[in-house]
Structures are given as structure tokens and as C-alpha cells.
There are 2 protein chains.
Amino acid sequence: MTPRGKQTVRDLRRSSRSTLLRHLYFHGPLSRQELGTATGLSAGSVSNVTGELLADGLIEECGSVDSDGGRPRILLRVAPGQAHLVGIDIGETQVRVTLFDLALTELASADQPLLAAHDPERVVRMIASGLDQVLAAAGVPAENVLGIGIGVPGIVEQGTGADPGADTVVHGQTFGWDAVPFGRMLREHTPLPLYVDNGAKTLGQAEMWFGAGRGSRHAVVALFGSGVGACVIADGVRFRGATSSAGEWGHTKVHVGGRPCRCGSRGCLEAYVGAEALVERWDGTVPGTSEKAGLAALLRAAEDGQPSAVALLDEAAELLGASIADLVNLFNPERIVIGGWAGLLLGPRLLPAIGEAATRYALAYPRSRTTITLSDLGPDAVTLGAATLPLTHFLDSGGEMPDHLAAVAAV
Amino acid sequence: MTPRGKQTVRDLRRSSRSTLLRHLYFHGPLSRQELGTATGLSAGSVSNVTGELLADGLIEECGSVDSDGGRPRILLRVAPGQAHLVGIDIGETQVRVTLFDLALTELASADQPLLAAHDPERVVRMIASGLDQVLAAAGVPAENVLGIGIGVPGIVEQGTGADPGADTVVHGQTFGWDAVPFGRMLREHTPLPLYVDNGAKTLGQAEMWFGAGRGSRHAVVALFGSGVGACVIADGVRFRGATSSAGEWGHTKVHVGGRPCRCGSRGCLEAYVGAEALVERWDGTVPGTSEKAGLAALLRAAEDGQPSAVALLDEAAELLGASIADLVNLFNPERIVIGGWAGLLLGPRLLPAIGEAATRYALAYPRSRTTITLSDLGPDAVTLGAATLPLTHFLDSGGEMPDHLAAVAAV
DNA sequence: AGACGTTAAATCTCGGCGTGAAGTAAGCAG
DNA sequence: CTGCTTACTTCACGCCGAGATTTAACGTCT
């Protein structure tokens, strides 16, 4: 309990720049006038700071609006092409690299299949080549990229040094990665700033920025796929915990000592309601089908009234509801968003039962303050959320360019 | 996702004052010299700010230390008698009001028994009279009290207005309080600033400031008493959630659909390992004994090898370990502290088994970064933790006196 | 005793910040 | 063209922290 307050000199400027930039980013084109009233800064300061941002090329003027009788307002917006972002999704079956502009519109994308072998070295090489591909395809020079956000499976241990991304270590049980120095390996292929986080967490970020989580400051994004994970947002910021592995919801117990789970423990939620577990437990599964096909078949069977399928899905809804109730009790969020490909598939059928079960299992007061909704983002959101990581840094720093961008920005 | 960002002018000074005050508070008497290097502020600024704080009477000089050959260092410390704090514990059986000085040394205390009736109006009157008693006993004028911290059972809904304490609403299931406008009722008896929170949370605060949680920024304080609760600290700050009811660990499920719990749900942790549940479930309990006596008897029987007692405690350790594993997975803390009167009683016997079970049930990586320890604070810590609430506000604001104190501080 | 070295603290100068008032730009109505 | 309204810019002011300089308060050495 000896928290930090640091010294501050012209961090005021950084803070002002950050505030204005953020506001412009999220609330579309605005005049300096509106910016001032919205952020609380005086008109003089807004003029000053926007002038600086304009000179840096980070924002630009875009049209004007008549104001009855007086001088028209000049609208400002973030210059979308001034810098770029890369988002990468390392999934179970492929590595996807996507290049975005500052407004997060997709410019180019490169997919590379990832078969049985998940050798880290090979994945890193695929990232490097994917990076070259998208930059070449869009004609964007590498110096113009603010940073690379990467969503990986497993637990991510963030670095702390001067180049934190390069110190990132990944523990991925499903990939057989044990303390892989992922950041260091990547750093050998690119000098760009690296931001690595768990894929479920980047998906959660996307959900908070552009999906069903928009507008809430306390939320839990529950990712329901082959496994089960969660991304907790507290007060607008992702909850990381001491070593940024917080939110491992899938291995929360629903029946202590129950079904064995692939994590080595027993009774985990994932061992009951993960897509892998559901397909494996259903007696109607045709051996050899893929997980997605198997789950779709299970859903169809349940909709046709096949008793074992109905029972299995009813049980899944009950357990998910109970476990979501735990999240409500522990995190007290305003909103719970159910996402992930299995969540998208089963959600429409299960949501009412899940909500009802959550009401039965959670404490009344926090439950009454929470809404449970389905995600409205596609599965491509992982790369989008990953790109969000360097973007957040960019906005927080008030539009600071990494060192290698200085020359470009000066033009 | 449109977070804050405010205007800032001489908040720098507030921040500097806060930093220095906090550092002096927690790291005992220090010279200006040491303060400078410890906080990163320049010697000039330290001189400036400490001069201001001295003039305000918030800190004082206390002796000096030779520095080989040169001018001796003058030590500074927070002036303990300059202001006072009140901490109140509304427990199941009594209302305890304690007056502290700024250094949180107890000056006076008043207990009032709370029998069957928990009528809110009566509790508020007891608080008012207890307040008068302790102030009179210590000869402290009310104007000299920075604020009143109150730990209550149940869920606390914090106010948001200009006088947040007075808007506090309490939902206390065990007391039969339903949306009691506790803050407003108190405001009729005293003009002092009010800070209300759940008793488990104030106990957790005490643990973080003075107990086993000291020095960690991410911790979970698990309170194990008649019921079960938790206080989550993330990055040095208590995790509140949207309506500050986060951390309701006791009603987390260990067996979905299992034993009925007093909260109305089934399978809650509390329904298995709460002291009330343990005493009720043990076949050796003598009807009519108090909960504490019953639990002590259970413990003695287990130590004598009585099989049903041993089995019950073994199961409790297993379930606690599994549920603590959930906390580890979800919150990823550096430390878990087990407190509460039942925790203190059973802890020494159960701790090894709990730790071992947690290892079996939690993910390996976050578990390896967590230590599980027993509380080292007595049960009186609730009032201490409650007094911590106004103190935190005082330190955060850089030593700002509430309005009614202005006259006193000017002397 | 007095000069000197050493270290702590106070004071001073400097560049930078946001505010708010005063000034300027850019449109409209008559 | 003259006023009038509104948007933006400029500027003087007070305040801030950093860093250099000065003063204070001690030992020690001759």
C-alpha cells in the first residue's frame, strides 16, 4: 500500500493532447468549440493543442458547419492515413495478419494455415512474412506502422523493461508452448513496437470498442469457443492482475472434483461447456467430424428435439448461467457479453436459459444491475482487437510517434 | 470506451502534496533529502511543498540525524494529532465506534450491544451516541474529525453526488435491510464526511495497510466467518465493480445445484464452508451452542481424530482450496490472505491442505505467482479498516481539510 | 578559535502550462 | 457598406517543477 504518484511537469500537455485526440477519435469530427466544452479545456488551450496536433499531422480539418449568423465551425478529425496499425490473430488453425489505418479500417490481410505443428519458430516466421505481405499489398512503409498487436492462445506474461513487448513470454498449454520467449523471437524479425496479449483478451477489447460492450465501463466479455475464457474490463481498462493472466474463467470450478479437464484439474467449466467437451459428450457425434461441424450438428439435433442433445444444451445453459452468476458476484459488471464462435452459434438458443439461470444463481442486487447480451462482432474481431493495443498506447500518449517514425512525421 | 481525461492546472501541486504526504505516512519519519530521492521530486519542490504542509500543520519536524560531516538532516513526519478519524464496525452482535488519531492509534472506543433487532433507525442512533461518547472521552471536538468510515454487513451502493456518503444505500440480507438509505439517515445526526463500505471490504483494507497484505499491489483478502466474503485489491486499489458490490465470493458455486444457501441459491461456497454451515453440518454439534463455540468444538474434535469432524474439515479445506483456485484464475493476485474469525481459528490447521488443493485446482502459472497466507490482524481490524476510508481520501487529496475544519487548521 | 570542507535545506531563475480576457476572422442581415 | 453574431487566436498572468545557486548547520583540522 505505497502507491505511486509521480512527478509531473509538462505531462499536462500530454494529458491534454491525449484527451483531445481520444475525443476526436471516438466522437467523430468535431469543431474546436465543441471539443472545448466536451473536454472542459479552455478555448485557448484547445486552440493551442489542436494547432500542435495539426502541425504534427495527427489531425486534419474536414469541412465546416454553419453556425447561425456567425463564423462557421471548422471540423477536425484524426487523420486516418497518417499512421497504421497491425493486428495479428494466432488461432488454432491459422495465422492472420491484418493492416489497418488509424481509423481501424482494414487495408490488407494475409492468412497462413497452421496445421498440426505449432512450432513457435515457425509461427514467428509466418508473422514476419505476413507482415511483409500486407505492407507490400497496401504500399505502406514499415516506418509508418505505430505498432503490432498480437493475440495469442495461452497465458501471456508481459515484459516490464524499456521494450516490454520484446520481453513477453507466452505459456500456451494448448499449443504446447512452455515459457516461449515470444517477444524476443519476434524482435529479431521486426523493430516495430510489439503488444502481445491473450487472444480472448484482444477479442474482448474489440467487443468493448466496437461491439456489444460499447459505452460500459465495467464489463465481462465471455469467450465461448473450443475452450472458455473471459476478458474483464474494470473502469474502462482491462483487468490484468499481477502477471496479466486474470480472467481465466474456463478453469473455474462448477463441480469441484468433477469431470477431468485438459488443464489437468477437475470440474472446470470448460470441461462441461467448451465446444470440444460438448461435442465429445454428445452421443450423436459422428467420429472424425470437426469441432465446428460437430457443434452445429448438436444444435440442429436439439432443435429437432433429439432428447440427448436437448438435455446436453439445457445443462450447458444451466452451468453457463451459474458460472456467469459467479462472474456477476465477483466482478459486479454492468454488462456481460457472450462471444466466441461457439457463443455466436449457440447463443440465440441458449441466451434466455442462461440469463434465467444466472438470475437464479447470482445475488439479486448485482444481477439486477447487469445485462447479458450476445456479441455482435464476427470472429475476425481478434485482429481488430489486437490492433487496438498499439492504438490505445498511441491515444494514451497523446499521439506520440515511436522513434523510427520521427522522420516520417516531420515531413 | 470513451474514458476520462480532465483539465489540469495546479493539480500538479495536489499530486505532489499527496505523494509526499503518503510517503511520509507510510515510510515513517524522513528528511526532505530522502523524500526527494524516494519520490523523484526535485529538492526545490520538496522544500516548497513540505514548507506548505508544515504551514498547514499537517506535518511536523521531529529530531534530526547527523550526516557525516555536514548539516544534519531534519526528520519530518505526519502530525498525528492534527486531525482525527472515526471507524465504525456494525457487526452481527454489536456496534463499535472507535476514534483514531491520524497515525491510526486508538484514542477511545465505545461498544453497544445489538440484540435481535437490527432496526436501521436504532443502529443510526447508536452510532450517533457512540460518536458523542468517543469524542467526549478523548476530548476531541467534532470539527477535528476528517471523516467517519463505517463497515456494514451486506451490499453497499455508493452515492455519486457532491456528498456521496450521504447517498449511500445498504442492502443487507442478513439484517433484513432492503435498500436502507443509510447515508441519508446518518446525515441527519452528523455533518461529518461519511464513507460507508461492506465490513468485509474494510477488513480487507486493514489487512492491506497493516496486515499480511502489506507490500502487494494485487491481492485478495478472503474473509471466512459465519459467512464468506472477499476483498479484491487491484493495483493497490480496492476493486469495486459497477455498483461496488464486487468480491461476493461466498456465493460463488462449488457444486452447481448443490446444498441450498441462505442467499436463496444452491451450491454456494458459503453453504459448505461458512462457519454457520460447518457447525450445522457436523453431527457432533450440541444444539443451542453459539457459532464460535460450535466451531471451536469441531476443531477440537478433529484434532482428537474424531472421524466425522476430520472428514468435514478435510472437505472444507478441499472446497476452500478449489474456490481459492478460482480466485487465482480469475484475479491473478500476488497474494491471498485468509482472514475472518473462522479463518483465524481454523487457519493453522487447514492452511497446508488449502494451499495444496489450490495447487491442484488452479492453473499452474498464476498459482506459482501467488502465495496464500493467514491474516495476522485481530477481529478489531474492521474499525481500523473503516477509519482507513477517510484517511485514504485525506492522503489522496494531498491533505485537504473538509470545509468545517478550515477554522481549526488555520490556528 | 577560526578557517575549511561537507552536507541539507532554502531561494532564485527559467521554460512551460492552462486560464481568461482581449483581439481577430468569417460569415449573415439589412 | 455597416453592424452583429459566432469561431477561433493571441497574449498577459499566475502557478508549477527542474536545476543552479545561495545559505545554514554541522564536523574537523590547524
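Here is how names work: the chains are called A, B, and so on, in the same order as the sequence lines, proteins then strands, and each is numbered from 1.
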message = Between P on D:dC8 and CD on A:E34, what's the gap in Å once rounded to a whole number?
response = 8 Å
request  = With sequence neighbours left out, write down each residue that passes salt bridge (charged side-chain N to carboxylate O under 4.0 Å, His left out) with A:E334, or none if nothing qualifies.
outcome  = none
Any A:R13 side-chain N or O less than 4.0 Å from OP1/OP2 of C:dG18 = yes
note = salt bridge (charged side-chain N to carboxylate O under 4.0 Å, His left out) filter on B:R14, not counting sequence neighbours, yields B:E400
Check nucleotides 26-30 of chain D against the protein and report each pair of N or O atoms closer than 3.5 Å, with its distance, or say if there are none.
| unit_1 | atom_1 | unit_2 | atom_2 | d |
| --- | --- | --- | --- | --- |
| D:dC26 | O2 | B:G69 | O | 2.8 |

query = B:S15 side chain to B:D11 main-chain N or O, any donor-acceptor pair under 3.5 Å?
reply = no
Distance test, side-chain N/O of B:S16 to OP1/OP2 of D:dG17, below 4.0 Å = yes
inquiry  = Would you say the rings of A:F331 and B:F331 are close, in the sense that their centroids are separated by under 6.0 Å?
reply    = yes
task = Can you tell me the distance, in whole Å, between the CD atom of B:E61 and the C1' atom of C:dA8?
result = 12 Å
inquiry  = Distance check needed: C:dA9 C1' versus B:L30 CG, whole Å only.
reply    = 15 Å
task = May I have the distance from A:R73 (atom CZ) to C:dG27 (atom C1'), rounded to whole angstrom?
result = 13 Å
inquiry  = Quick test of your reading: applying salt bridge (Lys or Arg N to Asp or Glu O under 4.0 Å), list the pairs with at least one residue in residues 29-42 of chain B, sequence neighbours left out, ordered by first then second residue.
reply    = B:R32-B:E61
ask   = From D:dC8, C:dA9, D:dG17, pick the nucleotide closest to the side chain of B:Q33?
value = C:dA9
request  = Please state how far atom CG in A:N48 lies from atom C1' in D:dT9, giving the value in whole angstrom units.
outcome  = 9 Å
query = Atom CG of B:L12 to atom P of D:dG14: distance rounded to whole Å?
reply = 19 Å
query = Which salt bridge (Lys or Arg N to Asp or Glu O under 4.0 Å) pairs, counting each pair once, include a residue from residues 35-49 of chain A, with sequence neighbours left out?
reply = none
query = Roughly, in whole Å, what's the span from CZ in B:R17 to P in D:dC16?
reply = 10 Å
request  = With sequence neighbours excluded, tell me which residues meet salt bridge (charged side-chain N to carboxylate O under 4.0 Å, His left out) with A:D66.
outcome  = none
task = Take B:S45 and A:V49, find for each the nucleotide of DNA chain C with the closest heavy atom, and name the residue whose nucleotide sits nearer the 5' end.
result = B:S45
ask   = In chain order, what residues pass the salt bridge (charged side-chain N to carboxylate O under 4.0 Å, His left out) check against A:R73, with sequence neighbours excluded?
value = none
ask   = To the nearest angstrom, how far is A:L20 atom CG from C:dG18 atom C1'?
value = 12 Å
request  = With sequence neighbours excluded, tell me which residues meet side chain to side chain donor-acceptor pair (under 3.5 Å) with B:S45.
outcome  = B:S42
inquiry  = Roughly what angle, to 10°, lies between the helix axis at the start of the helix from C:dA1-D:dT30 to C:dG30-D:dC1 and the one at its end, five pairs per end?
reply    = 30°
